[in-house]
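Here's the structure we're looking at; comments come further down.
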Amino acid sequence: MTLLSSRLFPSPSVNHRPPAQSTTTRHLPWIKLTRTNDTVRFLCSPAIIKPVIRLDERFVARFVVPENAQDLIHNGGATIGVLGGAYALVFAFDDFTRKNILNQGLSRKLVHILSGLLFLVSWPIFSNSPKARYFAAFVPLVNFLRLLVNGLSLTSDQGLIKSVTRKGDPKELLRGPLYYVVILMLCAVVFWRDSPIGVVSLAMMCGGDGVADIIGRRYGSMKIPYNQKKSWAGSISMLIFGFLVSIGMLYYYSALGHVQFDWWNIVPRVALVSIVATVVESLPITDVVDDNISVPLATIAVAFFTFHH
Ligand SMILES: C/C(=C\COP(=O)(O)O)CCC[C@H](C)CCC[C@H](C)CCCC(C)C
Ligand SMILES: Nc1ccn([C@@H]2O[C@H](COP(=O)(O)OP(=O)(O)O)[C@@H](O)[C@H]2O)c(=O)n1
């Protein structure tokens, strides 16, 4: 016989004097119930209890999700949320442009700045699993495909085209924007939130380069001697904003416990990396190499040696 017992309505918080012993017994098919005060004992044949335990195991298994399944649910949800954010961002700036709240050039640059920086901000919502970076990288991958099919005019997402191109030509999607999301994927997969290299590279490409355009177009009367298309105002704003965003992002990841820095050590190195990224962006090479490739790759190379020195 198998003995199971349970206390009926236990009241541990209330100390009460044990009542006089009283036992009642009831016989049911395959089960004998014996109640003594507030304790009931089930006496039943193993044939009965085993299916019950098996049922419990099966029942419980349905609700005790294995760890890898928990990770899948966590990262899958985060991916869906960040994807939704990406679509919402492009939709919002397309709406601003349609309503003439922003001109197309400024709208595009703000999408350039906010997409990458908000992508960086979203990384900590993914789990601590080593595979989480691939879930995060799925978001720029979807946008890569979106830019590709629209750039090849296989589909025509006018909201995307208007908010991401300079002149509304879909072929523009196949250059700057496409390289941009490739770099987002690369930094997510290779560096993730464990290394300052990816964070600083995206801060310079998205934050620094984006602000250089906005400030340079408006206040860039003093051109750089070796590149008449770029200005001191644009480059200095890239250096300052890119450096501040880099430090801010590193502090964000440090505050969340993903990385720990000796700030007296890391700040000068970030400053050096920011200077190199700014100089690379100012070079007259945009016609050969898009600055969405040259700036992040140069930043990655210098940051790798600077931070690992
Ligand atoms: C306009 C963009 C690049 C053009 O660069 P440039 O030619 O001006 O130098 C950025 C294109 C962004 C892309 C369409 C959307 C990328 C979304 C990103 C992967 C995820 C953002 C998530 C966040 C939560 C909004
Ligand atoms: N360092 C810089 C960068 C851009 N700019 C201004 O921003 C415009 C666009 O810069 P860009 O060709 O780098 O633009 P993207 O390739 O980043 O979209 C330039 O033609 C300049 O008017 C600047 O004055 N100084």
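Counting starts at 1 for both ligands and their atoms, in listed order. All values below were derived from every heavy atom in this structure, side-chain atoms included, with hydrogens, water molecules and symmetry-related copies excluded.
In this structure, Asn292 and Ile183 have side chains that are not in contact, with every pair of non-hydrogen atoms separated by 4.5 Å or more. For the pair Ser115/Tyr180, a side-chain contact is recorded, criterion being any heavy-atom separation below 4.5 Å from C-beta on.
Close approach to Gly176 involves these atoms of ligand 1, each under 4.0 Å from a residue heavy atom: 7 (O). Against a heavy-atom cut-off of under 4.0 Å, Arg108 is close to the following atoms of ligand 2: 18 (O). Heavy-atom proximity to Gly85, at under 4.0 Å, picks out these atoms of ligand 1: 25 (C). Taking a cut-off of under 4.0 Å to the non-hydrogen atoms of Asp209, the atoms of ligand 2 that pass are 17 (O). Close approach to Asp291 involves these atoms of ligand 2, each under 4.0 Å from a residue heavy atom: 13 (O), 15 (P), 16 (O), 17 (O).
One side chain, Ser127 or Asn75, offers a donor N or O that lies under 3.5 Å from an acceptor on the other.
At the shortest separation from atom 3 (C) of ligand 1 among protein heavy atoms lies Pro177 CA, 3.7 Å. At the shortest separation from atom 22 (C) of ligand 1 among protein heavy atoms lies Val82 CG1, 3.8 Å. In terms of protein heavy-atom proximity, atom 23 (C) of ligand 1 is closest to Leu118 CB, 3.7 Å. Nearest protein neighbour of atom 21 (C) of ligand 1, counting heavy atoms only, is Ser115 O, 3.5 Å. At the shortest separation from atom 19 (C) of ligand 1 among protein heavy atoms lies Leu184 CD1, 3.5 Å. At the top of the distance list for atom 15 (C) of ligand 1, counting protein heavy atoms only, stands Asn143 OD1, 3.7 Å.
Of the listed options Lys109, Glu172, Arg108, Met185, Arg108 places a heavy atom closest to atom 7 (O) of ligand 1. Considering Lys230, Met205, Lys229 only, the shortest heavy-atom separation from atom 12 (O) of ligand 2 involves Lys230. The residue among Val211, Asp213, Thr286 with a heavy atom at the shortest distance from atom 10 (O) of ligand 2 is Asp213. Remark: among candidates Val181, Asn292, Ile293, the nearest residue to atom 13 (C) of ligand 1 is Val181, based on non-hydrogen atoms.
Using a non-hydrogen distance threshold of 4.0 Å, Gly234 registers as a contact of ligand 2. Taking 4.0 Å as the cut-off, Arg146 does not count as a neighbour of ligand 1 on heavy-atom distance. Ligand 2 lies within reach of Arg217, whose nearest heavy atom is under 4.0 Å from it. Within the structure, the closest approach of Lys109 to ligand 2 falls below 4.0 Å when heavy atoms are considered. Note on ligand 2: Arg166 sits in its first shell, one or more heavy atoms being nearer than 4.0 Å. Ligand 2 lies nowhere less than 4.0 angstrom from a heavy atom belonging to Gly176. Contact between Ser122 and ligand 1 is absent, with no heavy atom of the residue lying under 4.0 Å from the ligand.
Using the six-membered ring where Trp is involved, Tyr251 and Trp263 have ring planes that are tilted, between 30° and 60° apart.
Between Arg146 and Asp157, at least one side-chain N (NZ, or NE/NH1/NH2) sits under 4.0 Å from a carboxylate O, which counts as a salt bridge. Residues Asp287 and Lys229 are paired through a salt bridge, judged by an N-O separation under 4.0 Å between the basic side chain and the carboxylate.
Residue contacts with ligand 2: Lys223 is placed with no nitrogen or oxygen under 3.5 Å of a nitrogen or oxygen of the ligand (distance criterion only).
Distance check, rounded to the nearest 0.5 Å: OG of Ser163 to CG of Leu110 gives 11.5 Å. Interatomic distance, CD1 of Ile240 versus OG of Ser235, reported as 11.0 Å (0.5 Å rounding). If you take OG on Ser221 and CH2 on Trp232, they are separated by 13.0 Å, rounding to the nearest 0.5 Å. Atoms NZ and CZ, from Lys109 and Phe93 in turn, are 13.0 Å apart once rounded to the nearest 0.5 Å.
Contacts with ligand 1 closer than 4.0 Å are made by no heavy atom of Leu114, backbone or side chain.
Distance alone, capped at 3.5 Å, is enough to place a donor-acceptor pair between the Glu172 side chain and the Lys167 backbone.
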